Amino acid sequence: MKKITAVLLTLIMTASMFTACGKKEEKTNSDNMQPPKYEDVKLSDGIIAEVSGEDITVGEIKFYLAQYCESIYSQNQMSEATAEEKKAFWDRDQDGVKLKDSFYDNALDGYIGLVAMMKTANEKGIEVTDDEVKAELSQDGMRDALEHYLSTYGITEETITSYMKKQMTYEKYAQQYIDNDERMNISDDKIKEYFKENYIKAQHILKMTIDKNTNAPLSEDEKKAAHDKIEAILKEVKEDGKDFKEVMEAETEDEGSKSQPDGYVFKEGDMVTEFYEAAKNLKDNEISDIVETSYGYHIIKRIPLDIDKDLEANKDNITSAIKTKAFQEILKETKDKMEVKADYSQLYAIEGILY
């Protein structure tokens, strides 16, 4: 499955938008929470989008969605969840948009990016032959993976072959051009500058308003109990002067906080918007009032960054963030050169993927 999901992981790192904890992983469009909406037109049946004359079929997007969905379920330990639990997950609101809508929109945007890269590669004389695709699909382990998608989602061999040809063309292009772009060359000075300008550090205490296993909303009585509890905790850390870290370790329902007691180090886009904005607006060592997000009720304490220690501990993530930003610039430049049309009615009509 490595080859099948390679582009998914490169172009749609937004799968982390759907993780169960308050902290998100890096995602390719972290500076823009939602992908662009393309010109919405009625296209021929079976065609979801056109990228400068190159068709994107319903089957290709369905295959892409299936991979993306399975990745999200794996991240959230939801592979064995019931249909009702999965529906509750996708009906959740995040940053003002239902997760289901974000899922479909990001998948389409990611695949449009893939096709735009492929067309640019073709313009530069980079091609992938049918024999190369056939050889790739015949590799050990690939057949079983493909049979899964063929049987589970009704995706055709022709669709998979078309998908793989686009992906393999993109990979050739990335190796020859994107990897060698000056913006992808990350120096230590650039890492330090980016870290100082973009990252903050915070601890938080969370009382959840969703079920930690299924992500389904708690009952109104349970939410009220959570709010009453967080109000009592707020009094302890603000009025009674109790040590924030000690209270956090005893009370928080965020397992991530328990494993990172010194606090999260993050930038914009790594956390849900309400959390990030609240933390950003605090002074060092200041404690927030109650902050509500789609995960529950938080009390946040901003912690001073240790430029050397925190940078070193997060250097890989910072480097990845800089490269992600550079890649997004390259991807946007590529897509902006294309004429893109999309048929959102056909996109949203795709069924049989989520549950």
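Every value quoted in this text rests on a predicted model; they were computed, and no experiment measured them.
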Pairing donors with acceptors under 3.5 angstrom, does anything connect the side chains of Tyr264 and Asp254?
yes

Does any part of the side chain of Gln167, heavy atoms only, come nearer than 4.5 Å to the side chain of Met118, both counted from C-beta?
no

Determine whether Lys192 and Asp189 satisfy the following criterion, side chain to side chain contact (heavy atoms under 4.5 Å, CB included), listing intermediate values before the conclusion.
CA-CA 5 Å; Lys192 189 170 186 177; Asp189 286 343; 5.7 Å; no

Measure the shortest side-chain to side-chain distance between Pro261 and Glu249 over non-hydrogen atoms and say whether it is less than 4.5 angstrom.
yes

Just checking, is any N or O donor in the side chain of Thr57 or Glu60 under 3.5 Å from an acceptor N or O on the other one?
yes

Does atom NZ of Lys87 have more than 12 heavy-atom neighbours from other groups under 6.0 Å away?
no

Other residues, nucleotides and ligands only: do more than 12 of their heavy atoms fall within 6.0 Å of NZ on Lys223?
yes

Could you tell me whether Glu147 atom CD has more than 12 heavy atoms of other residues or ligands within 6.0 Å of it?
yes

Before giving the answer on side chain to side chain contact (heavy atoms under 4.5 Å, CB included), spell out for Tyr276 and Thr293 the whole-Å C-alpha distance, their side-chain angles and the decisive distance to 0.1 Å.
CA-CA 10 Å; Tyr276 172 77; Thr293 73; over 6 Å; no

Using the ring of each side chain (for Trp, its six-membered ring), is Phe275 parallel, tilted or perpendicular to His204, with breaks at 30° and 60°?
perpendicular

Closest non-hydrogen atoms of Val97 and Ser102, given as atom of the first, atom of the second and distance, are CG1-OG, 3.4 Å

Heavy-atom side-chain contact between Glu251 and Lys229 under 4.5 Å:
yes

Evaluate the side-chain proximity of Lys315 to Asp188: yes if any heavy-atom separation is below 4.5 Å, no if none is.
yes

Side chains of Gln175 and Glu171, donor plus acceptor under 3.5 Å
no

Leu114 and Phe327: same hydrophobic cluster, using ILVMFWY side-chain contacts below 4.5 Å?
yes

So, do Phe103 and Tyr68 have ring centers that fall under 6.0 Å from each other?
yes

Decide yes or no for Leu137 and Ile160: does some side-chain heavy atom of the first lie under 4.5 Å from some side-chain heavy atom of the second?
yes

Test side chain to side chain contact (heavy atoms under 4.5 Å, CB included) on Ile330 and Asp181; report intermediate values, then the result.
CA-CA 9 Å; Ile330 296 167; Asp181 190 288; 3.8 Å; yes

Around atom NZ of Lys172, are there more than 12 heavy atoms from other residues, nucleotides or ligands closer than 6.0 Å?
yes

Same apolar cluster: Ile61 and Val58, side chain cutoff 4.5 Å
yes

Would you mind telling me which of Glu339, Lys341, Lys335 makes a side chain to side chain donor-acceptor pair (under 3.5 Å) with Tyr38?
Lys335

Is the number of heavy atoms from other residues, nucleotides or ligands within 6.0 Å of NZ (Lys196) greater than 12?
no

Would Lys280 and Glu274 count as a salt bridge (Lys or Arg N to Asp or Glu O under 4.0 Å) if you check the C-alpha gap in whole Å, the side-chain angles of each, and the deciding distance to 0.1 Å?
CA-CA 10 Å; Lys280 182 184 72 171; Glu274 300 91 341; over 6 Å; no

Determine, for Lys201 against Asp262, whether the closest basic-nitrogen to carboxylate-oxygen distance falls under 4.0 angstrom.
no

What is the minimum heavy-atom distance between Ser294 and Arg92, and which atoms define it?
OG-NH2, 3.9 Å

Could you go through the side-chain hydrogen bond (donor to acceptor under 3.5 Å, both in side chains) check for Tyr348 and Asp105 one step at a time?
CA-CA 9 Å; Tyr348 299 140; Asp105 289 347; 2.6 Å; yes

Answer yes or no: is there a side-chain heavy-atom contact under 4.5 Å between Leu234 and Ile290?
yes

Any side-chain donor paired with an acceptor under 3.5 Å for Ser74 and Ser71?
no

For side chain to side chain contact (heavy atoms under 4.5 Å, CB included), just list the numbers for Glu127 and Asn122, CA-CA rounded to whole Å, side-chain angles, deciding distance to a tenth of an Å, and then say yes or no.
CA-CA 6 Å; Glu127 302 280 352; Asn122 291 162; 3.5 Å; yes

Looking only at non-hydrogen atoms, find the nearest pair between Met338 and Thr334 and report the distance.
CG-O, 3.5 Å

Ser162 side chain near Lys165 side chain, heavy-atom distance below 4.5 Å
no

Can you list the residues that meet the ring pair (Phe, Tyr, Trp, His ring centres under 6.0 Å) rule with Tyr173, with sequence neighbours excluded?
Tyr177

Report yes or no: do Gln67 and Tyr163 form a side-chain donor-acceptor pair below 3.5 Å?
yes

Option among Arg302, Glu268, Lys267 that satisfies the side-chain contact (heavy atoms from CB on, under 4.5 Å) test with Ile200:
Arg302

Salt bridge (Lys or Arg N to Asp or Glu O under 4.0 Å) between Arg183 and Glu333, intermediate numbers included:
CA-CA 13 Å; Arg183 287 168 288 186; Glu333 290 169 3; 2.8 Å; yes

Assess the side chains of Glu123 and Thr120: does a donor N or O sit below 3.5 Å from an acceptor N or O?
no

Could you go step by step and tell me if Lys100 and Asp91 meet the salt bridge (Lys or Arg N to Asp or Glu O under 4.0 Å) rule?
CA-CA 6 Å; Lys100 178 182 177 181; Asp91 283 346; over 6 Å; no

Atom NZ of residue position Lys242 - does it have more than 12 heavy atoms of other residues, nucleotides or ligands inside 6.0 Å?
no

Think Lys37 forms a cation-pi with Tyr344, using NZ or CZ under 6.0 Å from the six-ring centre and within 45 degrees of its axis?
yes

Side-chain heavy-atom pair Glu70, Tyr149 within 4.5 angstrom cut-off:
yes

